2 protein chains.
Amino acid sequence: MCHDKDVHTDDRLPEAELTFLLGMAFQLLLAEFTERLAEAGQADLRPVHGMVFQILRSEGATGTELAQRLGVTKQAAGQLVDDLEQRGYVRREPHPEGGRRKLVVLTDAAHAHLAVAGRTLHDLEAELARRTGTGDLATLRTELTQLVRAMAGDTPPPLRPVW
Amino acid sequence: MCHDKDVHTDDRLPEAELTFLLGMAFQLLLAEFTERLAEAGQADLRPVHGMVFQILRSEGATGTELAQRLGVTKQAAGQLVDDLEQRGYVRREPHPEGGRRKLVVLTDAAHAHLAVAGRTLHDLEAELARRTGTGDLATLRTELTQLVRAMAGDTPPPLRPVW
DNA sequence: CATGCGAGTCAAGCTGCTTTACTCAGTGCG
DNA sequence: CGCACTGAGTAAAGCAGCTTGACTCGCATG
């Protein structure tokens, strides 16, 4: 869980910009998360796939809706769906409201992944709460929520790669 | 600063996972930051370039060192340096300790960018502190610092794209 | 001198996305 | 009815940013 390569010696974490801290925290958490998922035998799904699953979770969505929520073009979303369909994680069904639309829905395999991922993530965050000692990651959570609200209103922005 | 496309109606920010919140917060901040930089006439430099500048800031570094700090291959780092050199932001100087090494250092243009970027980032964070009302982004900062320390020890990990 | 190592670089390839351009189903309107 | 128009999906090509593999060169060490 720790980097043992000491490529540089200065230790200026406290003075670091908020933005940097956010980036590092996110990166570390996500990396650890995906690593644990891989250990749990889910190495074939990257974070973006988990994101797709969450979006499709309740009622599915059309390709275009998916694209909007992911913040990519509909072609890119289509490629993701192609891939996931081929691997048996989603199905394209005719859309109930007809038209040229198709409804992309999750298969059982995807729901199984969501279950594992959810547990893994919760474990990770719980473990982290213990390790920081503070125990009140709740504080952190509410502060972050305020920050996000301040910048994006009530609509969660698409979560996308970062540079 | 806000997304006005309301592509979905549920509003479950509070129950969101910590990891999601971190991702959204980071993404929003970085997007706003780069946008403001672009308005300030620095549209030709992406966040990764700012990262490079910060690494080279004090004493410069060799290509390999830079690659390690960025978390990419030395070839990728070399391409970044090629690009920045061509655009006048860095120079390759012979390394004082000789060998095949070269020391990559910043030009005045890069230092100017760092100044603008630093100010922009500070303004943004200050404005955010006002808008959240809490005023104590210091709390957030220290909590994030604890989190990062808990996961990475004292060595800031390379900050890289995320999925 | 030979061997090996580490830094840098050249070249090819890949992946995930974008841009451009098209097809097709439904809608509204003369 | 015929006909433009819209919006979803798809097909194809291109591109950016990275990787892997193979190499060159400077220097240290035996």
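Lettering of chains follows the sequences in order, A, B, ..., and the numbering in each one begins at 1. All values derive from a computational prediction rather than experimental measurement.
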*By side-chain contact (heavy atoms from CB on, under 4.5 Å) - contacts of A/Ala38 (at least two apart)*: A/Ala43
*Quick one: side-chain contact (heavy atoms from CB on, under 4.5 Å) partners of A/Thr73, sequence neighbours excluded?*
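Applying side-chain contact (heavy atoms from CB on, under 4.5 Å) to A/Thr73 gives A/Gln75, A/Ala76.
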*According to a strict under-4.0 Å criterion, is A/Arg46 in side-chain N/O contact with OP1 or OP2 of C/dT15?*
no
Between [atom2] on [N] and [atom1] on [X], what's the gap in Å once rounded to a whole number?
| X | N | atom1 | atom2 | value |
| --- | --- | --- | --- | --- |
| B/Glu93 | C/dG8 | CD | P | 14 Å |
| B/His49 | D/dC18 | NE2 | C1' | 13 Å |
| B/Lys102 | D/dT24 | NZ | C1' | 12 Å |
| B/Glu65 | C/dA7 | CD | P | 8 Å |
| B/Leu103 | C/dA7 | CG | P | 14 Å |

Between protein and nucleotides 25-30 of chain D, what N or O pairs are separated by less than 3.5 Å?
residue: D/dC25; atom: O4'; partner: B/Arg100; partner atom: NH1; Å: 3.0

For [X], salt bridge (Lys or Arg N to Asp or Glu O under 4.0 Å) partners two or more places apart:
| X | answer |
| --- | --- |
| B/Arg100 | none |
| A/Glu35 | none |
| A/Arg87 | A/Asp44, A/Asp83 |

*Residues two or more places apart in sequence or in another chain: which of them pass side-chain hydrogen bond (donor to acceptor under 3.5 Å, both in side chains) with A/Gln42?*
A/His113
*Listed once per pair and sorted, the salt bridge (charged side-chain N to carboxylate O under 4.0 Å, His left out) pairs that draw on residues 101-124 of chain A, sequence neighbours left out*: A/Glu97-A/Arg101
*For atom NE2 of B/His122, decide whether the heavy atoms of other residues, nucleotides or ligands shown that lie under 6.0 angstrom number more than 12.*
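Counting neighbours around NE2 of B/His122, 12 or fewer heavy atoms of other residues, nucleotides or ligands fall under 6.0 Å, so no.
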*Residues from residues 71-86 of chain A sitting under 4.0 Å of DNA chain D, heavy atoms only?*
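When residues 71-86 of chain A is checked for heavy atoms under 4.0 Å from DNA chain D, the hits, listed by number, are A/Lys74, A/Gln75.
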